[in-house]
J.: 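Quick one: this structure, given as structure tokens, is what I'll be asking you about.
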There are 2 protein chains.
Amino acid sequence: MPPRIPALQLADGLLQLSCLIHHTLDRIAAEHGLSVIQVRLLRSLRDREFGMFDLAQHLALRKSTLTGWVDRAESRGLVVRMASPADRRASHIHVTAEGRRLSRAIEEAVNAEIEKLVSGVSASDRDRLASVVSQVVAAAARDPQPKT
Amino acid sequence: MPPRIPALQLADGLLQLSCLIHHTLDRIAAEHGLSVIQVRLLRSLRDREFGMFDLAQHLALRKSTLTGWVDRAESRGLVVRMASPADRRASHIHVTAEGRRLSRAIEEAVNAEIEKLVSGVSASDRDRLASVVSQVVAAAARDPQPKT
DNA sequence: TATTGTTATACTCTATAACTATA
DNA sequence: TATAGTTATAGAGTATAACAATA
């Protein structure tokens, strides 16, 4: 067996794995005629409706950036702007049935691809991997990265 | 302890981890005044020079897309176009000393951030994680995803 | 004729700043 | 005055198609 440098090897492997998964996400979104961006928009709106301002904050975007996202998604029939009854300046964004369907289909396809990626890993290693990965993700969520 | 659904949990965890790492890459590139795209360009050119056609193939991009990448990187002094002595149609792209320095600095910073992400994982789990991750990446490289 | 690379054009994504309408 | 959202503008990143220069 060749000698290893575990620390660097791990960082490099995780970076490669991350690129692989990101590329998978991009490919599957494209197969459904969407961008990763629009998938992210639909995913947020599946759980609840948002005003433009709140949604921009939720996604860490500028309001003007979001206007374009919503314009394009609305023109594809994936979301709708609805006037707020309480505040005539505000509008609320809702996902349509088609948007919801697409979002779920893409989520399932991505999950299936990731399952396929790890299909060669033994069941016990997979369990261990799952627990380590969720530990890392949870720790990162507790200690968020600076926004610069 | 709550019940778990290991398979789905793993796919979801890997997706979240992938987004986390991708965001880290984006942040560090931005701190150095670059985009993820330009980091990728410099990384490819650190190992060897390319003609525009070969580089476009290497990066899975169109030639016309690459023209823009190289224009912007060249205007920042990170790469240079050099005429090919063998073929007067062709030009070869070389990374400059500054481009090489930036590329290495970003690589080190990204590695350090990923190390920090997994710093809470025990040494034995880290070793196990490294071997599983490289197994997954190697398997994916042997069985590439469709390009659609 | 075929190939290398650029240009023209169009669209998505992102941000800043100015603006409209409402509160 | 302050807030919700859009518009104007600019620039990066992506693609297709047409093009010039060279092979």
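These figures come from a predicted structure and were not determined experimentally. In what follows, every chain begins at residue 1, and chains take the letters A, B, ... in the order their sequences are listed.
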J.: Between atom CG in B/L41 and atom C1' in D/dT14, what is the gap in whole Å?
T.: 15 Å
J.: Report yes or no: do B/N111 and B/E107 form a side-chain donor-acceptor pair below 3.5 Å?
T.: no
J.: Both B/A90 and A/R89 contact DNA chain C. Which one's nearest nucleotide lies toward the 5' end?
T.: B/A90
J.: From D/dG5, C/dA15, D/dT14, pick the nucleotide closest to the side chain of B/T65?
T.: D/dT14
J.: Taking the side chain of B/R72 as its heavy atoms from C-beta onward, which of D/dA12, C/dT6, D/dA15 lies nearest to it?
T.: D/dA12
J.: Distance check needed: C/dT4 P versus B/L61 CG, whole Å only.
T.: 16 Å
J.: Whole angstrom is fine here: how far is it from CG in A/L59 over to C1' in C/dC13?
T.: 13 Å
J.: In whole angstrom, what separates B/L66's CG from D/dT16's P?
T.: 15 Å
J.: When you measure from the side chain of B/S18 to the backbone of B/L14, do you find a donor-acceptor pair of N or O atoms at a distance under 3.5 Å?
T.: no
J.: When we call it a touch if two heavy atoms are under 4.0 Å apart, what does B/S91 touch: a base, just sugar-phosphate, or nothing?
T.: sugar-phosphate
J.: DNA chain D: B/R88 or A/R81, which has the more 5' nearest nucleotide?
T.: A/R81
J.: Of all the nucleotides listed (C/dG5, C/dT14, D/dA21), which has the minimum atom distance to the side chain of A/I37?
T.: C/dT14
J.: Can you tell me which nucleotide in D/dT6, D/dG13, C/dC13 comes closest to the side chain of B/S35?
T.: D/dG13
J.: Between C1' on C/dG5 and CE on B/M82, what's the gap in Å once rounded to a whole number?
T.: 18 Å
J.: What is the separation between atom CZ on B/F53 and atom P on C/dT4, rounded to the nearest whole Å?
T.: 5 Å
J.: Applying a 4.0 Å non-hydrogen cut-off, can you work out what B/S64 is touching in the nucleic acid: base, sugar-phosphate, or nothing?
T.: base
J.: Parallel, tilted or perpendicular for B/F50 and B/H58, by the 30°/60° rule?
T.: tilted
J.: Using whole Å, report how far NZ of B/K63 lies from C1' of D/dC19.
T.: 11 Å
J.: Do B/R46 and B/S103 have side-chain N/O donor and acceptor atoms under 3.5 Å apart?
T.: yes
J.: Name the closest nucleotide to the A/Q38 side chain, picking from D/dT6, D/dA4, C/dC13.
T.: C/dC13
J.: Side-chain heavy atoms nearer than 4.5 Å, only ILVMFWY residues, links allowed to pass through others: does that put A/V80 and A/L34 together?
T.: no
J.: Grab the CG-C1' distance between A/D71 and C/dC13 for me, whole Å please.
T.: 13 Å
